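Reviewing the structure listed below.
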Amino acid sequence: MAPWNGLWGGKAGGEAYRGTPVVVKMENPNWSISEISSPDDDDEDFLVGGRRKGGRGKNAKQITWVLLLKAHRAAGCLASLASAAVALGAAARRRVAAGRTDADVGVAAAAGESPVLRSRFYAFIKAFLILSVLLLIFELAAYLKGWDDLAASALALPVLGVESLYAAWFRFRTTYVAPLLQLLTDACVVLFLIQSADRLIQCLFCFYIHLKRIKPKPKSPALPDAEDPDAGYYPMVLVQIPMCNEKEVYQQSIAAVCNLDWPRSNFLVQVLDDSDDPTTQTLIREEVMKWQHNGARIVYRHRVLRDGYKAGNLKSAMSCSYVKDYEFVAIFDADFQPNADFLKRTVPHFKDNDELGLVQARWSFVNKDENLLTRLQNINLCFHFEVEQQVNGIFLNFFGFNGTAGVWRIKALDDSGGWMERTTVEDMDIAVRAHLKGWKFVFLNDVECQCELPESYEAYRKQQHRWHSGPMQLFRLCLPDIIKCKIAFWKKANLIFLFFLLRKLILPFYSFTLFCIILPMTMFVPEAELPVWVVCYIPALMSLFNILPSPKSFPFIIPYLLFENTMSVTKFNAMISGLFQLGSAYEWVVTKKSGRSSEGDLISLAHKELKHQKTESAPNLDAISKEQSAPTKDAKKKHNRIYKKELALSVLLLTAAARSLLSKQGIHFYFLLFQGISFLLVGLDLIGEQIE
């Protein structure tokens, strides 16, 4: 916008205003300065032919405009922050007013937690919180009165009253508490460094894989056209879809599996329905019948007794007499939607490779950008597949089966003892037993299968409890077999020390102990020190490594670091529950699904369905969309809840942050402050799906 000849351009009669022309760019809702142009520095300031020759001074009105525009922009930012704070405050008030907590009857049981362990764990945190508050009051009084200097400089001097009490506490913590706390701190730091080194090595191996472009390749050439089964390698494949009361997702998963690009005569779909809801059973059965009429080879199986949960369901399905006619079995959970070429890209790896027992594909997520919780989960799982699974698959030929989106050789399942109901991680169980039998695994990082992430904190918490209690159950059961088996020693060491102890036990242990217990304690016992690089630098570096497989999530690196420490409470609780077989460690909880699927996916499925339809005249796109979007009358009402352990720990960390100010520990203060706020947000259930 050019300067105008009114106020800034000049006056009638040849008089001119001194100043600098300003070009302002208007951007709604905020204004920003695009350019400030200045004439040459010259002392003269006059008009020649109606033009400005030069000038050095700044016009006060122009500077005022610049400041006003910047102030307007700052006010807009503050208004946005204030609006967000008001919204959070209103949500927090609703949580407190509703009074629903994780201690409600049935909530903890549904989460798979032991009531006894939960009450003891919460009592421990509450006692620790009360002690920290009392110590903060005591230390604050000592700081204001100068008792801390007196106690440090003249411990032997006799003092009276409260001063003597503080001097006694000072001598006790210096002599007894500080050495023990420092020993525990050093032990956790060592574990922290070992785990960080393991993660760094994995990242370097992953970088090497990308640098050399290493990827598993079939030993045989690509498959010919599926229209001529005799011309290529199209073995008999059994496809299983285990589900339980998952009416939100059954249509899209069945449609995706029935549209797999594989000769119809060479694969059979088993819908393994464990639902105890008659309405859900009827809907799934009708969907199966519809696909049967369309020419798909699909059968419906329902168990009356849900013994063994998913493992029992799969075990029951494998006992069918017709299973002996099939060579491979592909497994997809109810919310998974494989691409049409899934079997074409996975099954060929088995040809001429008799030692191969499993081909695992990676997951992709249809709702990864739904809210902050799903974005943070996406970071974790991208690292799991891109780094952990890929590195272990390339260099060790072993990794934990993810329970879905994989193809098993049925002979490998039978040789390993089949599905067992002894833990809640039947997928990891069968993978470990197959590895002990000498079977090899292949992970395909370039083959993706779409699925859903839990959108509410309650659902995510239940899932994480099962994922971290199950491995500890399995470790107790498998340890004798690992020691006695005849595999190489380095494979035994990898299973025991890396796969189980370091990544399944030590990680949740030190995360909770170091950052939620030891760090706050060192604020009240300053004689025990926790180095700054342990609190800040290495965790930030590890978080950076974790976020590299999903670079678009880089803006969430700090929330990710804080949230992982927050989740250490749930993971530690689950790990202890599984290790010592406490309470409902063997309880299986189905992760709640929302049934999200993109419109493009639905249209694609509808077009594919139209090709195979024989009795209907139009695709069921509308039916699929309405089925996913229509509310269910008999659905249980969901609520946001208050999580007492997380709230107690938030107060504890904020109390420790206040105490750190007395010791002038800057980095520790900021870490404790933001970590306490993170616990507060999670404790008030403000991080995931918000239910109005």
Side-chain angles (χ1 to χ4, degrees), residues 195 198-199 202-203 205-206 209-210 249 331-339 342 360-393 399-406 425 427-428 431 441 443-457 459-468 470-471 499 503-504 507-508 511 542-557 559-568 570-571 574 590-594 596-598 687-689:
Q195 198 276 332
D198 172 63
R199 182 150 297 188
Q202 285 186 320
C203 291
F205 276 125
C206 183
I209 290 172
H210 283 278
V249 293
I331 303 173
F332 301 100
D333 282 350
D335 60 315
F336 277 71
Q337 305 166 50
N339 294 325
F342 182 88
Q360 172 73 59
R362 71 173 294 165
W363 303 353
S364 59
F365 311 103
V366 297
N367 61 337
K368 62 182 179 181
D369 296 323
E370 185 63 26
N371 54 45
L372 178 59
L373 179 61
T374 57
R375 289 185 173 96
L376 299 180
Q377 292 179 69
N378 180 61
I379 296 172
N380 250 343
L381 290 171
C382 283
F383 180 85
H384 169 69
F385 288 110
E386 185 81 20
V387 179
E388 295 176 342
Q389 297 290 76
Q390 185 172 213
V391 168
N392 290 331
F399 47 82
F401 175 45
N402 293 117
T404 178
V425 283
D427 45 8
M428 186 181 295
F441 302 164
F443 176 76
L444 302 179
N445 191 54
D446 57 342
V447 180
E448 297 184 356
C449 190
Q450 283 194 336
C451 63
E452 286 187 16
L453 291 166
E455 296 181 6
S456 68
Y457 178 67
Y460 180 63
R461 190 165 171 258
K462 295 174 184 178
Q463 182 194 72
Q464 292 301 303
H465 188 277
R466 175 166 56 86
W467 284 6
H468 286 82
F499 186 76
R503 297 166 189 166
K504 302 296 188 296
L507 178 57
S511 295
M542 293 299 105
S543 297
L544 179 62
F545 287 154
N546 276 27
I547 216 166
L548 287 178
S550 53
K552 292 183 179 179
S553 302
F554 186 79
F556 302 98
I557 184 170
Y560 171 75
L561 170 62
L562 298 174
F563 181 68
E564 281 300 289
N565 290 335
T566 305
M567 284 304 300
S568 66
T570 298
K571 297 175 181 179
V590 178
T591 304
K592 183 67 177 175
K593 312 296 192 309
S594 62
R596 295 190 184 277
S597 182
S598 66
I687 191 173
E689 180 184 17

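Hydrogens, waters and symmetry mates are skipped; everything else that's a heavy atom, side chains included, is used. Because the structure is a prediction, the values reported are computed rather than measured.
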Closest approach of [X] to [Y] (non-hydrogen atoms, all atoms of both residues):
{"X": "F554", "Y": "I547", "result": "CA-CD1, 3.6 Å"}
{"X": "T570", "Y": "H465", "result": "CG2-N, 4.4 Å"}
{"X": "C206", "Y": "E386", "result": "SG-O, 3.5 Å"}
{"X": "F383", "Y": "C203", "result": "CE1-SG, 3.7 Å"}
{"X": "F401", "Y": "T404", "result": "CZ-N, 3.6 Å"}
{"X": "R503", "Y": "D198", "result": "NH2-OD1, 2.9 Å"}

Hey, is the main chain of [Y] close enough, under 3.5 Å, to the side chain of [X] for a donor-acceptor pair?
{"X": "S511", "Y": "P508", "result": "no"}
{"X": "N367", "Y": "L453", "result": "yes"}
{"X": "E388", "Y": "L381", "result": "no"}
{"X": "D335", "Y": "E452", "result": "yes"}
{"X": "E455", "Y": "N371", "result": "no"}
{"X": "E564", "Y": "Y560", "result": "no"}

Point-to-point distance, once rounded to the nearest 0.5 Å, from [atom1] of [X] to [atom2] of [Y]:
{"X": "M428", "Y": "W467", "atom1": "CE", "atom2": "CH2", "answer": "10.0 Å"}
{"X": "C451", "Y": "R362", "atom1": "SG", "atom2": "CZ", "answer": "10.5 Å"}
{"X": "Q360", "Y": "C449", "atom1": "CD", "atom2": "SG", "answer": "9.5 Å"}
{"X": "F556", "Y": "L372", "atom1": "CZ", "atom2": "CG", "answer": "6.5 Å"}
{"X": "F205", "Y": "Q390", "atom1": "CZ", "atom2": "CD", "answer": "13.0 Å"}

Validation row: [X], [Y] side chains within 4.5 angstrom (heavy atoms):
{"X": "Q195", "Y": "R199", "result": "yes"}
{"X": "Y460", "Y": "M567", "result": "yes"}
{"X": "T566", "Y": "I687", "result": "no"}
{"X": "R375", "Y": "D369", "result": "yes"}

side-chain contact (heavy atoms from CB on, under 4.5 Å), that's the test. Do S550 and N378 meet it? Break it down for me. CA-CA 8 Å; S550 53; N378 180 61; 4.2 Å; yes

Can you list the steps and then say if N380 with N546 is a side-chain contact (heavy atoms from CB on, under 4.5 Å)? CA-CA 7 Å; N380 250 343; N546 276 27; 4.3 Å; yes

Can you say whether the rings of W363 and F385 are parallel (under 30°), tilted (30 to 60°) or perpendicular (over 60°)?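 Rings of W363 and F385: tilted, 30 to 60°.
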
Show, in sequence, the C-alpha distance, side-chain angles and deciding distance for Q389 and H384, and conclude whether the side-chain contact (heavy atoms from CB on, under 4.5 Å) test is met. CA-CA 6 Å; Q389 297 290 76; H384 169 69; 3.5 Å; yes

Crowded around K368 NZ? As in, over 12 foreign heavy atoms under 6.0 Å?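 Atom NZ in K368 is not crowded, with 12 or fewer foreign heavy atoms closer than 6.0 Å.
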
Under the side-chain contact (heavy atoms from CB on, under 4.5 Å) criterion, do N402 and D427 qualify, and how do the steps go? CA-CA 6 Å; N402 293 117; D427 45 8; 5.6 Å; no

